[in-house]
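Here it is, the structure, as C-alpha cells.
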Amino acid sequence: MSGETRTVPERPSLDGLDQVWADRWERMGTYRYVPAGRDEVFSIDTPPPTVSGSLHVGHVFSYTHTDIVARFQRMCGKHVFYPMGWDDNGLPTERRVQNYYGVRCEPSLPYVPDMPVPDVPPAKGAKPVDVSRRNFVELCERLTAEDEQAFEHVWRRLGLSVDWSLTYTTIGERAERVSQRSFVRLLHAGEAYQAEAPTLWDVGFRTAVAQAELEDREHAGAWHRIAFHAGGQLVYVETTRPELLPACVALIAHPDDERYAHLFGTTMTTPVFGVPVPVLAHPAAEPDRGAGIAMCCTFGDLTDVQWWRELKLPARAIIGRDGRIVAQAPDGLDSEPGLAAYQQLVGATVHTAKERVVAMLRGTGDLDGEPTKTVRPVKFYEKGDKPLEIVSSRQWFIRSIAHQDKLLGRGQELTWHPSYMRARYEDWVRGLNGDWLISRQRYFGVPVPVWYPLDAAGDPAHDEPIVPAEDTLPVDPSSACPPGYTEDQRGVPGGFLGDPDVMDTWATSSLSPQIVCGWEEDAERYAQTFPMDLRPQGHDIIRTWLFSTVLRAELESGTLPWREVALSGWILDPDRKKMSKSKGNVVTPLALLEQFSSDAVRYWAACGRPGTDTAFDQGKMKIGRRLATKLLNASKFVLGFPEPAATASVTEALDWSMLTMLDEVVAQATTQLERFEYTAALERTERFFWQFCDDYLELVKDRAYGSGSDSAADPATQSARLALRSALSVLQRLLAPFLPFATEEAWSWWHNESVHTSPWPTTTSTAQPAADVALAVASEVIGAVRKAKSDSKRSMKHPVELLHVHGPARYQQLLDSISRDLTYAGNISEIRFDPTDAAQLIFDVELAQDGPGLASARR
RNA sequence: GGGCGUGUAGCUCAGCGGUAGAGCUCUCGGUUUACACCCGAGCGGUCGCAGGUUCGAUCCCUGUCACGCCCACCA
C-alpha cells in the first residue's frame with residue numbers, strides 16, 4: 001500500500017492539488033526507476049536544459065510532451081528510465097557568473113582556497129575582479145546549483161514523472177570522466193586529432209567555434225572599389241573588407257571569365273602596401289559578383305580558406321585572437337612605404353583599421369568612387385555579438401567527414417517524429433564542410449585531458465601528447481601532473497605543459513546516453529537502458545545535439561544512441577512570432593501553473609503536436625482547466641452511486657453501447673500514443689469524455705439512482721452502476737498521462753495505489769450485436785428534444801407530451817430498449833415509433849401545453 | 001539558390017477520395033441537487049489560387065501564390 005484513500009470532497013477543486021500530489025509522489029517514490037531487463041525498460045534521453053537563467057514556457061511545452069509519453073509507457077508496464085539533466089557546462093554559465101558576481105577568469109592567477117563569495121550584486125560600475133580558473137569554476141558551480149534547485153521545483157510542480165535520483169549534470173565528475181574517457185579512446189583510435197588550421201574565431205569570447213554554432217546575421221557594410229596595379233595596367237576589385245588588403249595573397253577570377261583571362265599567371269601589386277600577388281583562376285570565383293575578380297585574403301571568409309588551401313597560397317594573417325591587427329607585419333609586406341602604412345594599423349580593431357585603410361586608399365588615389373553601403377549576411381557565433389574572424393590556431397577535432405555515409409545510414413535507421421525532420425539531419429550531414437572542432441579557449445568546461453612535453457627550448461611537442469590512463473580520469477591538466485613528472489616541472493624546459501583548452505559543451509552533452517546509462521561504470525544498468533528508446537529535443541538543435549550524439553554513439557559503440565527521436569516545435573506568441581526574452585513577452589512558468597493549474601498548462605502543451613510550432617494560448621489553458629475540473633465533478637458524481645453488487649452485470653443496451661464506444665477510444669488512443677500522436681489521443685479521449693458527461697450521464701442518472709422501491713435488486717440499476725464505474729476507471733486512466741494531478745486525485749477517492757502505476761486500460765468489453773449504436777441514437781434523440789425546447793425557449797426540464805419518431809423499422813427494438821432512459825432524460829410522457837421508408841430517423845417533439853404549444857425538430 | 005513544412009468557420013486547430021468538423025468567440029435560452037470554474041441551442045466556410053486524374057477531390061497529381069523554418073551563398 002503506497003498511499004491513503006482520500007475522501008470525495010463536497011466541492012472538488014484543482015487548487016492545491018499540484019503541491020499535494022507532487023509531494024506525495026516524491027514520498028512514495030512513484031516514479032522511481034526499478035531495474036528490469038532491456039525489453040521491459042523504456043529509457044529516455046532527456047535534454048538537459050541550460051542552467052543559465054530561468055525556464056520559460058517553451059520548456060514547459062516540450063518537456064510535457066515527453067512526460068506524457070513516459071507516463072503512458074509506465075502504465076503500459078514499462079520500467080521507465082527517465083532522468084533529468086542540467087546543462088551547466090559552457091559559455092552561458094560563464095557569462096552569467098561574470099555578470100552575477102562581477103568577476104573575470106584570469107588563468108594565470110593562483111587558486112585562492114576558501115575565497116569569499118563576492119558581493120551580489122556587484123557594486124555599480126565596479127571593475128570585474130580577476131580570479132583564478134579554479135575559483136572561477138567554483139563560482140560557476142555555486143551559481144548553477146542554485147539555479148538547478150529552482151528548475152527542479154518547476155518541474156515537480158509541472159508534474160514531470162522523472163526519477164530525481166538519476167539527475168546528472170554536464171559538468172559533474174561523472175560527466176567529465178565519461179567525456180574524457182571517450183576523448184582518450186577517440187584519440188587512441190585516431191578519431192580525435194589536433195591540427196593547426198584556420199578556424200572560425202569569436203573575438204569577443206576569444207575562442208574557436210564550430211560550424212554547428214554559426215548563424216547568419218544581417219550586417220551593415222560597404223562595397224569599396226579599389227585598384228590593383230601591374231605596370232600601367234589597373235584592375236578594380238570590389239570588396240567589403242578593405243582592411244584585409246595587407247593580408248591579400250592573390251586575385252582570383254573564374255577560369256572562363258574572358259575579362260581576366262589575359263591576366264592569369266601574371267602578378268599585380270596591392271595598392272598602398274605594394275605587395276605583389278598572383279592573378280589566378282578558380283571555379284569558386286563568381287563572375288557576377290562584384291567586379292568578378294576577388295581579392296583572396298588570409299582570411300576574410302571560408303572561400304578564402306578554400307582558395308588558400310587548394311591554390312597553395314601563402315598565409316598572411318593580420319588579425320589576432322583579440323580581433324586587433326597584429327604587430328608583426330605579414331611575410332611579403334616588406335617595402336618601406338608598405339611597412340609604414342602597416343604600422344598605422346597595428347593594434348587597431350577591424351573597424352578602425354578599415355577606416356584607416358580607406359583613408360590611405362584615398363590618399364593614393366586607389367579608391368574608385370565612394371564606398372556604397374550594403375547589408376549582407378555575415379557569420380556570427382550564435383552566442384556572440386561581433387562577426388567571426390578566421391584565425392589560424394591549433395585545435396582539437398573529432399572526425400566526422402570520414403563517417404558521413406555511415407551517419408546518413410543511422411539517420412535512416414532512426415524513427416523520426418515527425419518523419420519529415422529526418423531531412424534536416426540529412427541536409428546537415430551532407431553539408432558538413434569540416435571535422436568537428438571541439439576545443440574551446442575557455443575555462444568552465446571539461447578540460448582536454450592531455451599534457452605536452454616541453455623540449456629544451458621550452459616549446460611544447462604537440463605531436464607527442466601525454467595521455468592519462470583511463471583510471472585516473474577525470475583530470476585537469478592545468479592542476480594535475482602527468483605520470484613521471486612533478487609539479488615543479490610545469491612550464492619549464494624539459495618539463496611539461498597542460499593543454500590549456502576545454503572541450504565544447506556539445507562534446508560532453510553528445511554523450512548524455514553514455515552518462516546516464518552508466519557506460520563503462522555500471523554494466524548492468526548500461527545493458528538495461530542502452531541504446532535508449534527515446535530522444536526528445538527541439539528541432540533547432542538537430543545539427544548540434546542530435547547529430548553529435550549520433551556521431552559519438554557510432555564512434556563508441558557502432559550503434560544508434562536511441563531508437564526514436566521526437567522533435568518539439570516552438571512556442572509562438574499570439575502574433576505568431578517566436579517567443580523570446582528580448583521581446584519581453586515571456587511569461588514565467590510558475591505563474592502560469594499557479595494561475596491555471598499544472599494540468600491546465602499541460603493540456604495546452606498536449607495540444608501541440610510533435611514538430612509543430614504552437615501559439616501560446618491561455619484560452620487553451622482555460623479549456624484544460626475546465627476539463628480537469630469536469631473530471632473531478634464527474635468522478636464525484638459516479639462514485640456517489642452505491643457500488644454495484646458483486647453479481648452485477650451489464651445488461652442494458654445503452655450501457656453496452658457506451659462501453660463499446662469506449663473500447664474503441666482505448667484502442668485508438670493506445671495506438672496513437674505508441675506513435676507519439678499524443679495530441680490525437682487526447683482529442684479522442686476528450687471528445688468521448690464530454691459525450692459521456694453530456695449525454696450518457698444524463699440518460700442513465702435515473703436508472704443508476706434506482707427509482708423503484710426495490711431498486712438495488714433491479715438488474716438495470718446494477719447494469720448502470722457497473723457501467724458507470726467501469727467507464728470512469730478507464731477514463732481516469734486514459735487521461736492520466738495528460739492530467740496527472742486531477743486524475744490522481746479522483747483515482748485516490750476509490751483506490752489505494754497511484755493511477756500512474758496502474759495498468760493502461762485494454763479493450764475487454766464483450767460487445768453485444770447492434771448495441772454499439774444505442775448511445776449514438778440516444779444522443780440523437782436527446783439532441784432533437786433539447787433543440788425543440790431551446791427553439792421554444794423552454795427549460796430543458798420542460799415536459800414533452802409526445803415524442804413521435806419516424807424511421808427505418810430496424811430502430812423499433814433499439815428505441816424500446818432505451819426508452820426508459822430517454823423518457824427520464826427528456827422528461828417525455830410518451831414515445832411513439834412509426835416505421836417509414838425514410839433512411840434516417842425523424843423526430844416530432846410535442847411539448848406540454850403551457851403557452852406556445854407544439855414545437856418540432858427534424859434531425 | 002536548394003530543402004522541408006503550413007495555408008479549412010472571426011480565432012486556435014482536427015479531418016486527408018464519397019452529403020464540410022471541434023473548441024473558443026459571438027447570439028439566444030436555462031436557479032436541471034456532479035459541475036454557474038455550469039448546462040442547452042444557434043449563427044458562422046465556394047477547405048489559398050489555377051489546371052489535371054476520378055463517377056466523385058478539402059483530401060491524389062502538376063503548376064502557382066502567401067507565410068514559416070532549415071541549409072547554402074557571403075570576394
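In what follows, chains are A, B, ... by sequence order, proteins preceding strands, each numbered from 1. What you see below is based on every heavy atom in this structure, not just the backbone, and it leaves out hydrogens, waters and symmetry mates.
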Side-chain-base donor-acceptor pair under 3.5 Å for Ser795(A) and rG30(B): no
Give Cys607(A) one of three labels, base, sugar-phosphate or nothing, depending on what nucleic acid heavy atoms sit under 4.0 Å from its own. nothing
Under 4.0 Å between any heavy atoms, over every strand shown, what does Lys630(A) touch: base, sugar-phosphate, or nothing? Just pick one. base
May I ask you to say what Arg376(A) touches in the nucleic acid, namely base, sugar-phosphate or nothing, with a heavy-atom cut-off under 4.0 Å? sugar-phosphate
Using a cut-off of 4.0 Å on non-hydrogen atoms, how would the nucleic acid contact of Ala291(A) be classed: base, sugar-phosphate, or nothing? nothing
Carefully, step by step, assess Tyr705(A) and Phe641(A) under the rule ring pair (Phe, Tyr, Trp, His ring centres under 6.0 Å). CA-CA 7 Å; Tyr705(A) 276 125; Phe641(A) 295 109; 5.0 Å; yes
Under-3.5 Å donor-acceptor pair between Asp427(A) side chain and rC4(B) base: no
Just to be sure I understand the rule, does Thr240(A) reach a base, reach only the sugar-phosphate, or reach nothing, if contact means heavy atoms closer than 4.0 Å? sugar-phosphate
Just to be sure I understand the rule, does Lys379(A) reach a base, reach only the sugar-phosphate, or reach nothing, if contact means heavy atoms closer than 4.0 Å? base
With a 3.5 Å limit on both atom pairs, tell me what rU19(B) is paired to, counting Watson-Crick and G-U wobble, or say none. none
Tell me what Arg543(A) touches on the nucleic acid: a base, only sugar-phosphate, or nothing, going by heavy atoms under 4.0 Å. sugar-phosphate
For Glu686(A), which contact category applies under a 4.0 Å heavy-atom criterion: base, sugar-phosphate, or nothing? nothing
Hey, which sits more toward the 5' end of RNA chain B by its nearest nucleotide, Ala284(A) or Lys636(A)? Lys636(A)
Using a heavy-atom cut-off of 4.0 Å across all strands, would you classify Arg786(A) as base, sugar-phosphate, or nothing? sugar-phosphate
Could you state the atom-to-atom distance from CG of Asp702(A) to P of rU33(B) in whole Å? 15 Å
Donor-acceptor pair, distance only, cut-off 3.5 Å: does the side chain of Trp308(A) make one with the backbone of Leu313(A)? yes
Is any side-chain N or O of Asp216(A) under 3.5 Å from a base N or O of rC74(B), one able to act as donor and the other as acceptor? yes
Can you tell me how far P of rC24(B) sits from CZ of Arg625(A), to the nearest Å? 16 Å
In whole angstroms, the gap separating P of rG29(B) from CE of Met796(A) amounts to 12 Å
What's Arg430(A) touching, base or sugar-phosphate or nothing? Going by heavy atoms closer than 4.0 Å. nothing
